[in-house]
Amino acid sequence: MTFAKVETAVDFPALERSILRWWDERQIFAKRKALNEGKPRWSFLDGPITANNPMGVHHAWGRTYKDVYHRFFAMTGHQMRYQNGFDCQGLWVEVEVEKELGLKSKRDIENLVPGDVEASIDLFVRHCKARVDKYARIQTEQSIRLGYWMNWDRSDEDWAKRPDDRKSYFTMSEENNYTIWAFLKKCHQRGLIYRGYDVMPWCGRCGVGISEMEMKEGYKLVEHKACFVRFPLVGRSGEYLLVWTTTPWTLTSNVGAAVNPELTYLRVRLGNDIYYLAEGAFRLDRMASLGESGPDEEDQTGGASTRGRRAWLPGVPPLRRIEQWFAEKAGADGYEVVGAIRGADMLGWQYIGPFDELPAQQHPYGYPEEVARVARQAGHWPPVSAVQAHRVISGGDAVTADEGTGIVHTAPGCGGIDYVWGKENGLPPIAPIGDDGVFVQGFGVFTGQQAADPATAELVFAELRRKGLLFAVERYVHRYPHCWRCKTELLYRLVDEWFIHMGPRGSEEGFRGEIMRVVRRPDVRFLPEEINGRARELDWLRNMGDWMISKKRYWGLALPIWVDEEDPTQFEVIGGREELRARAVQGWELFEGHTPHRPWIDKVIIRNPRTGRLMHRIPDVGNPWLDAGIVAFSTLRWNTDRDYWRQWYPADFITESFPGQFRNWFYALLAMSTMMSEGEPPFRTLLGHGLVRDQYGQEMHKSAGNAIEFIAAADTGGVIRDPKGKEIPFRPMGADVMRWMYVRHNPATNLNFGPAPADEIRSKVFFKLWNTYAMFCNYAIGDGYEPLTTPEVPVEQRPDVDRWLLSNLQLLIQTARQAYSSYNVMAFALECEKFIEGDLSNWYVRRNKDRLHSRHAELDEAGRRDKWAAYHTLYTTLRTLCQLMAPCVPFITEAMWQNLRRDPDPESVHLCDFPQPDERLIDRQLSADMAIVQRIVSLGLGARQLAKINVRQPLRQLILAPASAEERRAVERFQDLILDELNVKSLTFHNGPEPLLTTRWRLNKKTAAPKLGPHLAEAEAELAHYHGDTPPLTLAGTELAAADLVPEYIAPAGYVGSAERGTQLALDVTITPELRQEGLARLVIRHIQEARKKAGLDLLDKIALYVRADTSELAQVLVKHRPAIATAVQALNWSEQPLDTQVYEETISLPEGTLHVQLHRVPASAG
RNA sequence: GCGCGUAUAGCUCAGUUGGCUAGAGCGCAGCUCUGAUAAAGCUGAGGUCCCUGGUUCGAGUCCAGGUACGCGCACCA
């Protein structure tokens, strides 16, 4: 048995693909699981990936962590579930399916089968399911490509199964949906489920409510027409409230006017009229920065937004002060501030609304009828119409003088805060628009108008002008939400939705408080600590509103809420399939055989036991975070096998990208688990990680062309655009390189991903590791090293440098165990890089090449033992590194392992136990000594550089003045090593009372000159006489900083010195003719080696050689150093005459002369 | 507006319990080595450790205040 030859040029992606095949053939994953059967459990819970598109590289980050910790805990002997999850339901999938089918709106969906809404929804839902299956399968294949070991569904057979029966979990599975039902029922049993009307942003074109999350993507800086309107006060003839609004269409639904009781309001006389408005608003410079809401993407190109000023659009005139409006209207007569009044004293004043003639304004409890009915049933409202309700109310602090007039037009059916104020003050809600954004019946000339249409605003102005209520109209610029799909402006619309009551906002009461107590538990950890996840989660929990669980869409959880056909306040929450079957009075047979999705679930009708009437399911589907939040129960068989659930709950570990998730998955998981388990947390450790950016630090966007698909990074390569839009093609980097980029990164911060950082990682980590491995194997082949048969050299008998490497290796094992088991793989990865680059590649291997290279036949017994010691040391190190790194980079380590392993080693590196450190091999003294040596070598190289003498040129002597006894001892211990590294013949210590080097200080003129000014010359004169070890901080009477002075070390004549932190050394730079010739010999060797390479010879080939030099100096070198040259270039024959057989021939011109070289290969036995 | 976090070299970031003459990688500049060669290595320039004050023998590190940026929440009439 011997090592296979290793090529140094590797196609890593291709290598990875072959490893994948090999794992499959040999069933390595199955064997790993079998090994861990019955071992302690390590429980992981997957946050489901949305099965809606192929994976991007951002998905690979979290999935890398997931795989890394699975593999580590596998190697340390733990049983695991290996279950991946797919998120299936929700608007994102619907949107993509709409795109596929070319649908533009809900009406298009409901008309997919023309004229048949039910069949249309059924078809649409089936399309959604199909899309999920398609992309779940693609994501599965891509995850496998990443090296992610899970129980994957791989065959057609697997994918033909229903989602419930597959290996991965699917949130669209029946089990998942019905478990959410159980959760909702528990909530209902505690009285937490309620139906609420709320005003939310709505897209009239898509006919759907837009959630906060979706809204954040759609803010744009736009221009609207805003208007000032006067509301005549009742019983105060000629007096008016002055209100201002940016959404004129909502004036049709005005019910109240809100003031801040704490503010002072002015009475301003204009002509015969008195206007009320806030004092602060009257003279306010309205263009000064306000509502500092931060520019959004569109602003950047649109120009505008200057610092300290309001974001504005070019071409729109600046806002006038309100005072200016008054001045203009007053003309020569002027206006007059005739008094002031506290807002508190205005409360309750009645006024006449701007559109009181509309039928909608006359209807008790609000408008339209269904709104009024709910308002009546809710009990917050008195039986009055809007017209009757018009009055001044308190808006509290929310009303400011910084915007508008300080009196806020309040339309409870058209605005979020308006609705709240309406509820508090008994102002009935008027909802003017339908789900298409068009005014409904009851609004006179407005009925049939699009609310968002600018013409509607003009119509409002015309009406107001006609009535004499319009004070002013202005062009106004503000950030306004738009539909993230179709880009149309959103409207605030009153809709009925379903909620879970979380308890009073800002308190720790109720359900909210229960979840907070779980989050505070000390056995629940939030990592990384810098991001303070626990505090973030608590912050969200403290401030969140009630959980809106409904969505007026098609593809999703069927909310298990059945409502009485007559009385909308009577509803029931069904907790599961069997319960529904038992309660069904109609439609079960139609539903039977279908998943609990629309439209089939809607067929089932139950009876209201209290009224005897029928109850129908509400058409709403669920918030998708319900789907993902239940998985700690649905996937752990909470319904069917409670023992299993107890074994695996809570999860030891979860990890996801954290931005957003504290209010999404983490929240849903915590909330639902708190309810379901009565306070047992769903996880022990949560690891959050940041976002993937492009390599320039920009967010990745498909539209910007800087997003990278997973498969492009792994296998196909692709193109990215830099920030200037220039296209940059890139080659595939493979999964391991990607994985290492992720594991070495600090999860608390965003990661800049791209070909440039990938190249860096590849050369820094992968090439060094692979080259070391290749060198080891290839030399071992030549030397006949074989780990099993080559005589072992006990570690304690190996040279210091070997024991040093092994000692550092043990420390690395300790770090690895500590880091992996505390979910801090970065700590391991960074140490590992240092070990590979610093210790292994750049020090041990470089230092010990000669030991591996030495000609076996020429070695005595001790020499052979020394050589074997080096091989054993390297072998152990490479093997161990494979095992330590296997969780992070499973492919390259497997490839190496296959060549390195010897029976009875496990057939795969992933079947190994994770290494244990051998305490006996740890020698901290040795590590410290070597660190000193490395520092001194670096210092010596610095001196050579100063002297401008190549390292190739041997020098006579190095004198060292160590900084400490430790340093001296370390240097004595590793004297040979230092001499060799620095190519110096001898090393002596400096003794004597005088320092080896004289310190001289120079001015750093760049920084010191400005301080000294005209005293510069004087200061330099003073410096010339100064030789202290510390810089003089006062020169020419001027204070200087240490940085203004630069030390220079003056060595004795014939020497060059350098110094650092008390260590000083001096290098004898006298080059004798002998030394020069030695240096030339190395030059000759190098060029002959170059010639060998060009001749295409293998490392192990022997040669016949002829060399002729045209200078006497070089000729002398060739004679004098012939044995050394011959050995180095493996010349068995050195001919005095030009060679006559087939030769490689080259003439090399050097400054020192010209070399004529001939060589050809000879059989090894020829010598 | 409220809350959380961050601020260290041109860029990306390390920096443990306070001991620092502040580090790494990339980039830049200058070199070296040469059978790891589509590689490897060395040296150098480059710092107000955001600002101000405090605690301390000693502060990048701890405390207070400020500034800037990021994130979350609220608001955007």
Quiz item: How many Å lie between CD on A/Glu7 and P on B/A36, as a whole number?
Solution: 14 Å
Practice problem: Write down the atom of A/Thr815, the atom of A/Phe828, and the distance for their closest heavy-atom approach. | Solution: CG2-CA, 4.3 Å
Exercise. Can you label the angle between the A/His478 ring and the A/Tyr480 ring as parallel, tilted or perpendicular, going by 30° and 60°?
Key: tilted
Quiz prompt | A/Asp539 side chain, from C-beta outward: closest of B/G25, B/C71, B/G3 | solution = B/G3
Quiz item: Which is true for A/Lys764 with a 4.0 Å heavy-atom rule: it touches a base, it touches only sugar-phosphate, or it touches nothing?
Solution: sugar-phosphate
Quiz item: Could you state the CG-P distance from A/Leu538 to B/G5, rounded to the nearest angstrom?
Solution: 13 Å
Quiz item: Rounded to whole angstrom units, what separation is found between the CG atom of A/Asn260 and the P atom of B/G1?
Solution: 16 Å
Self-check item: A/Arg762 CZ - B/C26 P separation (whole Å)
Solution: 15 Å
Practice problem: From the options B/A36, B/A40, B/C71, select the nucleotide whose nearest atom is closest to the side chain of A/Ser841. | Solution: B/A36
Practice problem: Would you mind reading off the distance between A/Gln661 atom CD and B/C71 atom C1', rounded to a whole angstrom? | Solution: 14 Å
Quiz item: Is any NZ, NE, NH1 or NH2 atom of the basic residue among A/Glu831 and A/Lys834 found under 4.0 Å from an Asp or Glu carboxylate oxygen of the other?
Solution: yes
Quiz item: So what does A/Ile417 hit on the nucleic acid, given a heavy-atom distance under 4.0 Å: a base, only sugar-phosphate, or nothing?
Solution: sugar-phosphate
Quiz item: Closest nucleotide of RNA chain B for A/Thr250 versus for A/Leu840: which of these residues is on the 5' side?
Solution: A/Leu840
Quiz item: A/Asn746 near the nucleic acid: base, sugar-phosphate alone, or nothing, with a heavy-atom cut-off under 4.0 Å?
Solution: sugar-phosphate
Practice problem: Check every atom of B/G41, B/A36, B/C13 against the side chain of A/Met775 and return the nucleotide holding the closest atom. | Solution: B/A36
Quiz item: Taking the nucleotide of RNA chain B with the closest heavy atom to each, which residue, A/Met544 or A/Lys768, is nearer the 5' end?
Solution: A/Lys768
Quiz prompt | Atom-to-atom span, CD1 of A/Ile761 to P of B/U12 - whole angstrom | solution = 16 Å
Quiz item: Between B/C26, B/U37, B/C73, which nucleotide gets closest to the side-chain atoms of A/Asn771?
Solution: B/U37
Quiz item: Separation of A/Gln695 atom CD from B/G25 atom P, in whole Å?
Solution: 20 Å
